[in-house]
Student: 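Quick one: structure below, then a few questions.
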Protein chains: 2
Amino acid sequence: MAPDKRPPTTLSDVARRAGVSPMTVSNVINGKGGVRPDTRRRVLEAIEATGYRVNAVARALAGGQSRVITVFSPQLNRPYAAEVIQGAALAAERLNYDLIVMMLSEQGRSDVSVVTRLAAGALLIQPSSEGRWRRADLPAHVVSVDGPGERPLTVDNYGGARQAVGHLLGLGHTRIGFISGLESGDRQPFPHPPGPHDRDDADERLRGYLDSMAAAGLEVPAGYVQHGDYSKPSGERAAARLLGLPQPPSAIFVSGDAMALGAMHVAQDLGVRVPGDLSVVGFDDLPIAAASRPGLTTVRQPLQRIGEVAVQMLVALAEGRDPGLPPPFPTELVERESTAPPRPAR
Amino acid sequence: MAPDKRPPTTLSDVARRAGVSPMTVSNVINGKGGVRPDTRRRVLEAIEATGYRVNAVARALAGGQSRVITVFSPQLNRPYAAEVIQGAALAAERLNYDLIVMMLSEQGRSDVSVVTRLAAGALLIQPSSEGRWRRADLPAHVVSVDGPGERPLTVDNYGGARQAVGHLLGLGHTRIGFISGLESGDRQPFPHPPGPHDRDDADERLRGYLDSMAAAGLEVPAGYVQHGDYSKPSGERAAARLLGLPQPPSAIFVSGDAMALGAMHVAQDLGVRVPGDLSVVGFDDLPIAAASRPGLTTVRQPLQRIGEVAVQMLVALAEGRDPGLPPPFPTELVERESTAPPRPAR
DNA sequence: TTGAAAGCGCTACCAG
DNA sequence: CTGGTAGCGCTTTCAA
């Protein structure tokens with residue numbers, strides 16, 4: 001049962017019907033000036049009547065202007081990527097571009113090049129986790145998020161960490177633990193041009209934590225810095241280690257919302273009340289941070305905004321302008337219910 | 001700063017280098033038999049040496065075999081779609097197809113046709129919520145999920161509802177409320193061929209609930225059936241109405257995990273303990289169901305599995321086989337901590 | 001203001 | 001087994 005066997009209408013069909021040459025139809029479609037109003041109207045009518053749609057594939061082959069932006073992302077069922085993509089989609093729609101997302105397989109078997117010639121630009125999400133990108137397989141313009149590359153969009157991780165710890169300090173906490181993301185070295189470097197802004201989010205947050213503690217004249221006891229891998233279970237394990245310390249912290253800054261949720265949950269399982277006995281601050285402000293009970297106080301990354309800016313840059317680049325690289329995006333502390341002043345010292 | 005100005009290698013370049021005709025290169029690439037081993041080897045070497053990659057766009061234009069499957073989905077930051085897509089991606093990778101996701105804008109302004117000619121088939125997620133699809137703008141083969149269409153993949157919603165209510169009944173509950181999804185009529189019909197399996201998830205679940213209650217010889221008191229829109233806030237409102245009843249239920253079956261989470265949270269806010277005072281069962285088994293506290297007992301839809309099957313069907317169709325339409329996918333009750341026997345009657 | 005010619009990179013078809 | 005020819009549907013460049 002082959003569906004719809006009629007060959008689709010082509011530009012020439014439209015031209016014939018309108019009694020003009022294919023070129024004129026092309027000019028009308030692409031808004032190129034120099035078409036007499038009534039000719040234009042006739043063409044438009046023919047397009048309407050035939051239900052014609054440009055064949056984007058043919059257009060791309062012929063070297064026409066592309067109005068497609070591609071996002072390359074590993075797993076879409078990660079809230080982080082989903083938020084960035086949502087923002088990108090919003091911007092694309094506003095700019096009248098179409099957005100295509102290509103999921104990268106873990107094994108890197110995906111043939112990235114299928115969409116390369118179709119897209120005006122590409123947004124790379126977490127490019128470092130995938131192995132070898134060949135620059136030649138990517139569209140002409142590339143912006144990356146949460147990973148290295150030429151034109152990487154970054155967030156003020158250091159500042160965010162200081163906001164988090166500052167908040168805890170302000171509440172009166174002095175025993176503040178930290179659960180970091182990947183340890184340095186866990187991330188693979190971006191093979192090709194190592195952009196000027198390469199750096200490690202995890203390291204910056206750690207530095208922010210350390211500097212805040214030092215600035216407050218506070219010691220960081222042994223075992224107060226634990227590592228996870230941004231997953232909830234890893235957050236549970238790290239928090240369990242922290243809570244098992246002889247002098248457990250009264251507050252934990254966790255470098256990721258999923259891990260923070262895990263931390264809250266182990267605490268609750270251990271009979272440690274959040275925020276009564278333990279304050280928890282996360283990082284990211286994913287949807288789950290607001291949906292959890294207690295609501296998670298967290299450092300907000302403007303994920304959707306980042307996606308928007310990425311697309312705006314890509315469109316500018318595609319249209320011949322140079323948008324430059326914006327400074328790291330500022331973070332913002334979102335106070336919810338997972339933080340409170342420490343128990344009065346006994 | 002135009003990156004990489006070298007024109008990419010073409011098939012002819014490879015042919016020249018290998019000293020064969022373009023056709024032979026094409027045959028090697030596409031695994032068409034009839035190429036002498038050493039010729040084949042020479043071609044492979046030339047490909048390797050030049051770093052050649054097929055131009056998928058040109059191939060598609062020339063009518064070649066596509067190894068791309070497209071998913072059309074509204075908002076990617078919805079866990080439901082994300083899970084289905086994840087499953088689809090797994091299957092695609094296994095079958096050596098590439099997966100492309102196109103986000104549909106709310107306004108329906110997206111130009112679906114950009115990928116149409118590139119893809120061997122398309123998976124439509126929640127097609128009913130988007131307005132007018134023109135069959136001609138879609139790839140040759142289409143499978144839809146969570147919405148009508150030719151070849152719709154469905155889940156046993158009725159059976160799932162009966163599992164949920166049966167579980168509650170088995171625990172000893174008799175006052176069981178229901179929070180439904182969209183009311184009938186909220187969904188827009190699929191314009192074109194209204195497939196043989198059109199039906200409304202919400203209605204089926206309601207029917208399952210009603211039949212279970214009736215089969216147990218139980219009344220459904222006035223106000224025990226509330227409606228939401230699958231969002232967490234709507235679940236909160238519906239649960240608040242249920243809990244505000246003179247004879248509030250001791251258990252609620254909620255037709256969606258996000259709404260169920262909302263129900264648990266208002267209950268907690270009202271001082272109603274879950275599961276002590278109120279049992280809650282959700283539907284879907286999204287990641288949040290397992291990540292919440294208490295863990296949400298829910299009816300699991302095999303979302304990833306559905307995505308996999310959709311891709312398998314599409315690939316079969318693309319390769320000329322007819323996979324037929326599988327029966328509704330069975331659901332499974334996942335017991336977690338949000339359900340318990342009712343308080344002993346006073 | 002409009003049109004004719006050429007070709008993007010590839011594959012189908014049919015020769016040799 | 002291999003190669004030539006034609007053409008997918010569009011846009012470019014240039015001429016009318």
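Here is how names work: the chains are called A, B, and so on, in the same order as the sequence lines, proteins then strands, and each is numbered from 1.
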Student: Below 4.0 Å from chain A heavy atoms, what is the first contacting nucleotide of DNA chain D and what is the last?
Tutor: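 The contacted stretch runs from D:dG9 to D:dT12.
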Student: Is it the case that the side chain of B:R135 and the backbone of B:P139 share a donor-acceptor pair, with hydrogens and angles ignored and the cut-off at 3.5 Å?
Tutor: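 At least one qualifying donor-acceptor pair exists.
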Student: Measure from the side-chain N and O atoms of B:T50 to the backbone N and O of B:A46, and report whether any donor-acceptor pair falls under 3.5 Å.
Tutor: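 Present.
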Student: Under 3.5 Å, which N/O atoms of the protein pair with N/O atoms of nucleotides 10-14 of chain C?
Tutor:
unit_1	atom_1	unit_2	atom_2	d
C:dC10	OP1	B:Y52	OH	2.2
C:dC10	OP1	B:N55	N	3.3
C:dC10	OP2	B:L11	N	2.3
C:dT11	OP1	B:N30	ND2	3.2
C:dT11	OP1	B:R59	NE	3.0
C:dT11	OP2	B:S26	OG	2.8

Student: Would a 4.5 Å heavy-atom cut-off, applied to side chains only, mark B:L325 and B:M313 as touching?
Tutor: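 Touching, per the 4.5 Å side-chain cut-off.
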Student: Do any pairs count as a side chain to side chain donor-acceptor pair (under 3.5 Å) and have a residue in residues 59-72 of chain A, sequence neighbours left out, and if so which ones?
Tutor: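 The answer is none; no pair qualifies.
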Student: Give a yes or no answer on whether the side chain of A:T116 reaches the backbone of A:D137 with a donor-acceptor pair at less than 3.5 Å.
Tutor: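 Looks like yes, one N/O pair under 3.5 Å.
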Student: To the nearest 10°, let me know how far the axis at one end of the helix from C:dT1-D:dA16 to C:dG16-D:dC1 is tilted from the axis at the other, five pairs an end.
Tutor: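 Here the local axes at opposite ends form an angle of 30°.
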Student: Is the shortest heavy-atom distance from the side chain of A:V20 to the side chain of A:V25 under 4.5 Å?
Tutor: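 In short, these two side chains touch, coming nearer than 4.5 Å.
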Student: Do B:I29 and B:I47 make a side-chain contact, defined as non-hydrogen atoms from C-beta onward lying under 4.5 Å apart?
Tutor: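 Result yes, sub-4.5 Å side-chain heavy-atom pair found.
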Student: Among residues at least two apart in sequence or on other chains, which ones pass side chain to side chain donor-acceptor pair (under 3.5 Å) with A:R41?
Tutor: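 A:R41 satisfies side chain to side chain donor-acceptor pair (under 3.5 Å) with A:E45 only.
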Student: If you look only at distance, which donor and acceptor atoms sit under 3.5 Å apart when one is on a side chain in residues 97-104 of chain B and the other is two or more places apart or in another chain?
Tutor:
unit_1	atom_1	unit_2	atom_2	d
B:Y97	OH	B:E319	OE2	3.3
B:D98	OD1	A:D111	N	3.0

Student: Heavy atoms only, 4.0 Å cut-off, all strands: where does B:V35 land among base, sugar-phosphate and nothing?
Tutor: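 Since only primed, P, OP1 and OP2 atoms lie under 4.0 Å of B:V35, the category is sugar-phosphate.
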Student: Do any side-chain nitrogens or oxygens of A:T24 fall under 4.0 Å of OP1 or OP2 in C:dT1?
Tutor: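 Checking C:dT1 against A:T24, no side-chain N or O comes under 4.0 Å of OP1 or OP2.
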Student: What are the two closest heavy atoms between B:H141 and B:A120, and how far apart are they?
Tutor: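 Residues B:H141 and B:A120, closest heavy atoms: CD2-O, 3.7 Å.
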